[in-house]
Each structure stands twice: as structure tokens, then as C-alpha cells.
Amino acid sequence: MSPRVLILGLGHWGQTLAYLFEQQGCTVSCWGRSQGILSADLFQDIQLLVSALPIKAVREVAAQVAALQPPLGIILVSATKGLESETFATAADIWQTYCPHHDLVVLSGPNLASEIQQGLPAAAVVGGNSVATKQVQDCLGSTTFRLYSNADRRGVEMGGIFKNVIAIACGVNDGLGLGVNARSALITRGLVEMVRVGTHWGGQVETFYGLSGLGDLLATCTSALSRNYQVGWHLAHGKSLSQALALTKGTAEGVNTARVLCTYAQQHQLDIPITAMVNAVLSGHLTPQAALNCLLERPFKPEIIPSQ
Ligand SMILES: NC(=O)C1=CN([C@@H]2O[C@H](COP(=O)(O)OP(=O)(O)OC[C@H]3O[C@@H](n4cnc5c(N)ncnc54)[C@H](O)[C@@H]3O)[C@@H](O)[C@H]2O)C=CC1
Ligand SMILES: O=C(CO)COP(=O)(O)O
């Protein structure tokens, strides 16, 4: 019998994942909020419960799921790349709280939905225990969607969360016409910030040099398909944040993530200058040009690349 999958969240990514699972012969059902509250019959005979929700919706939906007591054999797959505002929780943290006895896997990587919907090849990584990640690889992996596994679930998730902020910075860079050299510096130094915060958060250094960290940075920091990049681009063209968001179709998680990361970094005395400047521009405290000047006027320092 073909594996049965339930997808929560019918946005761009949820629909794309539905397409990928169907391509692999899975029987897919989907739930979006327009269908009202969840019901227990949706969980019948499913092997994978895939959450492709924006972070702001995860807690509400996870609470609904938990109340319906889905069978314990179901593997939860979280594809959200965001941080909850007040709690600093990742989507996996939230699912873990509500469904502590289910296997939980995080899916992340350079996966611009529009390219995948065109059938173009991509790779991603599933973070979690080896039995659960193998099952997801078997159901979802293919010759066009190559899936790696990684036991460092926290690192896999943090890479996908952090890169959104740097994608905004690169959108600003390109919108100001600052060139490829400057963008390359932002990606490289943004990766250092990602490692600094991500390891503090419990991820392993080497994970950030993989698909969910460096891989997704390269995709979203260099492509106008990225909503986060688009937000930065519009800000560089003089738009306010609300105008930039109105011009961007879909969720740009980096806007909220930048603010949450700055609060976290301040509390833990972590230096994340690019993220801080992105946040200053998003909150209207600095113009893109002023933020650029702040970054360039910082004192010279050794290039320290975290390796362990
Ligand atoms: N689009 C992409 O290429 C990728 C997106 N992601 C991540 O997947 C997540 C979702 O992104 P997209 O699907 O692109 O966003 P989207 O903006 O296209 O869709 C979001 C969906 O969530 C629904 N939603 C909002 N609030 C809700 C609530 N309270 N309850 C239920 N549903 C609610 C909306 O109706 C909408 O269908 C984000 O965390 C994003 O970072 C991850 C990989 C690739
Ligand atoms: O995460 C993504 C690709 O891997 C999608 O990026 P955006 O949310 O910036 O569109």
C-alpha cells in the first residue's frame, strides 16, 4: 500500500511538498485553515504528518493536533523556517512540546518552491533520528529531490531559520546596486553569525556548512524568487516595511526572525552585526545606506571562522 501523508498548511511550500509526495506515489491529503478545524479522521492510516505552516500558525495548529491524539506511529515532519516571537521557540520546539512522544523530523535546504514545481532538481536535508529520517527519505526522496539525513536536528532547523535574515540583507545589497563582492561578503560573514548563534542554540558547527545553512544561504541570497530577498530589495528602493511586505507574495519569515535573533543575541552577548543592521532597517531605525555605513565603519578585526 502506498504511504499516506497529511500536509498541514496550503501555502506555496505545502502545495509543493504535496506535489513531491504525489510524484513518489504517496497518497496525500491536505489541510488548510479554510477547511475549518482539524478532525481526527484526517490522521487515519497516515505515516507522515507534514507541517508546512508559517511559524505564527504552528502553536495553534500543534495544539489542535495534540488534542486529537494522533497515533504514536505517525512521524511529524516540520518544514517551517521561523522563530516564535515571545518564546524564541522553533517550530520543532513547539511540536515537541505538544507531541512529545512522536518522532519528529525537520526538513530544510535550498528549496525555492517555484523551481521545484517546475520539476527542476534540488537537494534537501532531513534532521532527526535515523529511523525517522530514513522513512522520510524513502517516501519523499527521488532523483529530482535528493534527500540527505542528519542527526543534528537543531542545527538543520537553525540554518534554515537564520538564512532568511541574510537573504533580506542581500536583497538590500542588490537593490542598492552594491555588487557581487559585497553580496559575497554578506553571505560569508552572515554564515559566521549563523554558526555563532546556531551553535549557542545547540546546533553543530559542521551542519551549518551543509544544505540547510550554506546551501540555503546561496539559494535565497542570490535569487529574486526568495520572498526574504524581495523584502530587502524593496526596502533598498525606498519602500517602507509594510509597502515591501505588500509587494511580496507570501511569507517572509526573516522579518520576524531578525527581531527575535537580536533580542536573543543581546541577552546572550552574541555579536551579530549584519542581523542587527537588518533589524534596524526593518524597524525603520536606519536607512539601508546608513546601515551599510555602520557595517563598513566597524573596527578591523581578525577573520575568525568557527570550526568546532
Ligand atoms: N516557499 C518556499 O519556497 C519555502 C518555504 N518554507 C517555509 O515554509 C513555511 C510556509 O511558507 P509558504 O508556504 O511559502 O508560505 P505562504 O505564505 O505561501 O503560505 C502560508 C500558508 O499558511 C496559512 N496560514 C496562515 N496562518 C494560518 C493559521 N493560523 N492556521 C493555518 N494556516 C495558516 C496561509 O493561509 C497560507 O496558506 C515558512 O516557514 C517558510 O519559511 C520552507 C522551504 C521553502
Ligand atoms: O526557504 C526557502 C528556500 O529554501 C524560501 O525562501 P523565501 O522564504 O525567502 O522565499
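Counting starts at 1 for both ligands and their atoms, following the listed order. Numbering starts at 1 and runs along the sequence shown. These values consider heavy atoms only, across backbone and side chains, with no hydrogens, waters or symmetry-generated copies.
- Considering only non-hydrogen protein atoms, atom 37 (O) of ligand 1 sits nearest to G11 N, 3.3 Å.
- Atom 38 (C) of ligand 1 has as its closest protein heavy atom E253 OE2, 3.3 Å.
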query = Can you check side chain to side chain contact (heavy atoms under 4.5 Å, CB included) on M158 and T90, steps first, answer last?
reply = CA-CA 8 Å; M158 283 309 296; T90 67; 4.2 Å; yes
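- Heavy atoms of other residues, nucleotides or ligands lying less than 6.0 angstrom from CD of Q23 number more than 12.
- Judged by distance alone, the side chains of R59 and T97 never bring a donor and an acceptor atom under 3.5 Å apart.
- For the pair N111 and A122, the tightest heavy-atom approach, listed with the atom from each and the gap, is ND2-CB, 3.9 Å.
- Taking all heavy atoms of L107, L17, N111, L53 into account, the minimum distance to atom 9 (C) of ligand 1 is reached by L53.
- Of the polar atoms of D216, at least one N or O is found under 3.5 Å from an N or O of ligand 2, judged by distance alone.
- In terms of polar-atom proximity, N111 is counted as a contact of ligand 2, with an N or O under 3.5 Å from an N or O of the ligand.
- Of all atoms in ligand 2, listed by their number and element, those nearer than 4.0 Å to a heavy atom of K81 are 1 (O), 2 (C), 3 (C), 4 (O).
- If you check each of R227, H12, Q35 against atom 2 (C) of ligand 1, the one with the closest non-hydrogen atom is R227.
- Judged purely by atom type and a 3.5 angstrom limit, E157 uses its side chain to pair as donor or acceptor with the backbone of A92.
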query = Can L10 and Q35 be said to form a side chain to side chain contact (heavy atoms under 4.5 Å, CB included), step by step?
reply = CA-CA 10 Å; L10 281 182; Q35 289 157 261; 3.6 Å; yes
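- Every side chain to side chain contact (heavy atoms under 4.5 Å, CB included) that C26 has, sequence neighbours left out, goes to P3, V5, F21, V28, C139.
- Where the criterion is an N or O separation shorter than 3.5 Å, residue side chain and backbone included, P110 fails it with respect to ligand 2.
- Using a non-hydrogen distance threshold of 4.0 Å, A52 registers as a contact of ligand 1.
- Nearest to atom 7 (C) of ligand 1 among the protein's heavy atoms is A79 O, 3.5 Å.
- For E193 (side chain) and I274 (main-chain N/O), a donor-acceptor pair under 3.5 Å exists by modelled atom type.
- Atoms of ligand 2 found under 4.0 Å from any heavy atom of K163 (numbered from 1 in listed order, with element): 1 (O), 2 (C), 5 (C), 6 (O).
- Ring geometry for H237 versus W233: interplanar angle of 30 to 60°, hence tilted.
- When hydrogens are left out, the protein atom nearest atom 3 (O) of ligand 1 is A113 N, 2.9 Å; that is the closest non-hydrogen contact.
- The part of L10 lying near ligand 1 is the backbone, judged by heavy-atom distances below 4.0 Å.
- Between atom 26 (N) of ligand 1 and the options R33, Q64, E115, K81, the minimum heavy-atom separation is to R33.
- Looking from atom 17 (O) of ligand 1 to the surrounding protein, the closest heavy atom is T251 OG1, 2.6 Å.
- Considering only non-hydrogen protein atoms, atom 10 (O) of ligand 2 sits nearest to R227 NE, 2.4 Å.
- For ligand 2, the atoms sitting less than 4.0 Å from at least one non-hydrogen atom of N228 are 7 (P), 8 (O), 9 (O), numbered in the order shown with element in parentheses.
- Using modelled atom types, no side-chain atom of D216 and backbone atom of K163 make a donor-acceptor pair closer than 3.5 Å.
- Ligand 1 has no atom lying under 4.0 Å from any heavy atom of Q15.
- The ligand atoms of ligand 1 that sit less than 4.0 angstrom from a heavy atom of G250 are 17 (O).
- By heavy-atom distance, the residue among G82, G109, A57, P54 lying nearest atom 23 (C) of ligand 1 is P54.
- Of all atoms in ligand 2, listed by their number and element, those nearer than 4.0 Å to a heavy atom of S226 are 7 (P), 9 (O), 10 (O).
- In terms of modelled atom types and a separation under 3.5 Å, the side chain of R196 and the main chain of D271 share a donor-acceptor contact.
- Regarding atom 6 (N) of ligand 1, its nearest protein heavy-atom neighbour is W13 CD1, 3.5 Å.
- Assignment of G109 to the shell around ligand 2 is supported, since a heavy atom sits closer than 4.0 Å.
- Remark: the backbone N or O of S142 is not paired with any side-chain donor or acceptor of Q24 at under 3.5 angstrom.
- Considering backbone and side-chain N/O atoms, N164 never comes within less than 3.5 Å of an N/O atom of ligand 1.
- Between the side chains of S39 and D41, at least one donor N or O sits under 3.5 Å from an acceptor N or O.
- Of the polar atoms of W31, none of the N or O atoms is found under 3.5 Å from an N or O of ligand 1, judged by distance alone.
- More than 12 heavy atoms of other residues, nucleotides or ligands sit less than 6.0 Å from atom CD of Q267.
- Cluster membership for L235 and V165, using ILVMFWY side-chain heavy atoms within less than 4.5 angstrom, is shared.
- Using a 4.0 angstrom heavy-atom cutoff, G32 does not count as in contact with ligand 1.
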